[in-house]
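First the proteins, then the strands, lettered A, B, ... as listed; each starts at 1.
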Protein chains: 2
Amino acid sequence: MDGNKKQAIQEDTAARLRAAGLRPTRPRVALASLLLGRGHRHLTAETLHAEAAKAGVRVSLATVYNALHQFTEAGLLRQVVVDAARSYFDTNTGEHQHFFCEDDGRLIDIPGDAIAVSHVPAPPRGMAVRRVDVVVRIKRG
Amino acid sequence: MDGNKKQAIQEDTAARLRAAGLRPTRPRVALASLLLGRGHRHLTAETLHAEAAKAGVRVSLATVYNALHQFTEAGLLRQVVVDAARSYFDTNTGEHQHFFCEDDGRLIDIPGDAIAVSHVPAPPRGMAVRRVDVVVRIKRG
DNA sequence: TCAACAGTTTAGAATTATTCCAAAGAAGAA
DNA sequence: TTCTTCTTTGGAATAATTCTAAACTGTTGA
Ligand SMILES: [Mn+2]
Ligand SMILES: [Mn+2]
Ligand SMILES: [Zn+2]
Ligand SMILES: [Zn+2]
């Protein structure tokens, strides 16, 4: 990727962060560029940290965790809970669901209009539905 | 609960464990009796450990974890993943789904015949669907 | 009845993911 | 610039869970 394009992406990213009420600091711009640059992805804090390192961005793991949570709060990411051991973050914030491969821990998107959940009962009085998550657990065989 | 009834429950439990290929040891019988005695419940290792202690059963936390996993493997329990922080176990192994209250971490059953997931796409070639989990996340307000 | 083996329990250490902390650094406003 | 407010960060702290190796117990078959 040439320098001009990279800079353009970063300015775009900075604008998104500012719009979300987050200071476009060097670490945040770098992480957000990595995250939001290349289509939809599912990744963990460790994954992102490693990817940043490979891209020559030196950020602490604490900063990666901070950024992931702040981005999620800001609606730039969505957190996916499928495995008790680790937390996944999803750059696809649109309505969709997931296959979760129990063999290798991989997540695969299921378009939101492909799947339908019907007859969800009303929640207990005083409670509001925040989201309906569907996880289709799959395995080899 | 009188002694006779308690003993009857324990003999019943021992039989279930034996049928599942698990030696009916004192800790396992005690835990299984607590778990399978009183209707459907959702609980964590800590919860069960505390409950055992209150019932006068001294078992280590390691044993609680072992038992929960073995019981799950044997089909006496089902594990529910809704919160990245802790693992829930469900004494209801029938087909059903859950409300998850994000305020207090409580799980509420949704009968399996009340909810329906349709148009689940076929999994990738060579993969089989193990289960479809639906979590309706709710909160106050 | 009981030895002997295999499976089980357990205390405590280890592991792992994640969060916390307090000091040093960087961004925005003036 | 200068000042103020966020941010970042290395390292310590947490918390859930797993591991380990030694002690213990259920089962079996002499
Ligand atoms: Mn996608
Ligand atoms: Mn954890
Ligand atoms: Zn996704
Ligand atoms: Zn349930």
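- Phosphate proximity of C:dT10 to B:Arg26: present, with a side-chain N or O under 4.0 Å from OP1 or OP2.
- A side-chain N or O of B:His98 and one of B:Asp109 form a donor-acceptor pair less than 3.5 Å apart.
- Separating the CG atom of A:Asn66 from the C1' atom of C:dC21 is a distance of 12 Å, rounded to the nearest angstrom.
- Looking at every heavy atom in both residues, B:Asp83 comes nearest to A:Val81 through N-CG1, 3.7 Å.
- Here the nucleotide nearest the side chain of A:Arg18, chosen from C:dC20, C:dG28, D:dT17, is C:dG28.
- Looking at A:Arg23, its side chain comes within 3.5 Å of the base of D:dT5 through a donor and an acceptor atom.
- At whole-Å resolution of the value, CD in B:Gln70 and P in C:dT8 are 7 Å apart.
- Contact check, B:Tyr65 against D:dT18: no side-chain N or O comes under 4.0 Å of OP1 or OP2.
- Heavy atoms of A:His49 sit nowhere under 4.0 angstrom from any nucleic acid atom.
- C:dA17 atom P lies 15 Å from atom CD of A:Gln79, rounded to whole Å.
- When the P atom of D:dA15 is taken as reference, atom CD of B:Glu46 falls 11 Å away, rounded to whole Å.
- Note: CZ (B:Arg86) to P (C:dT19) measures 14 Å, nearest angstrom.
- In this structure, A:Thr63 does not reach the D:dT8 phosphate: none of its side-chain N or O atoms is under 4.0 Å from OP1 or OP2.
- In this structure, B:His69 places its NE2 atom 14 Å from P of D:dA16, rounding to the nearest Å.
- In terms of heavy-atom proximity, A:Met127 sits nearest to B:Cys101 at SD-SG, 4.0 Å.
- When heavy atoms are screened at a 4.0 angstrom cut-off, B:Thr25 is found touching the sugar-phosphate backbone but no base atom.
- Of the listed nucleotides (D:dT9, C:dT10, C:dT8), C:dT8 has the atom at the smallest distance from the side chain of B:Arg28.
- Counting all heavy atoms, side chain and backbone alike, A:Thr44 lies closest to A:Arg86 at CG2-CD, 3.9 Å.
- Picking from D:dG10, D:dT8, C:dT18 the nucleotide with the shortest atom distance to the side chain of A:Ala62 gives D:dG10.
- Following rounding to the nearest Å, B:Leu22 (CG) and D:dT25 (P) show an atom-to-atom distance of 19 Å.
- Between the CG atom of A:Leu61 and the P atom of C:dC20 there is a distance of 14 Å, rounded to whole Å.
- Between B:His42 and B:His96, the ring-plane angle classifies as tilted under the 30° and 60° cut-offs.
- In this structure, A:Ser87 reaches the sugar-phosphate backbone alone: every heavy-atom distance under 4.0 Å involves primed, P, OP1 or OP2 atoms, never a base.
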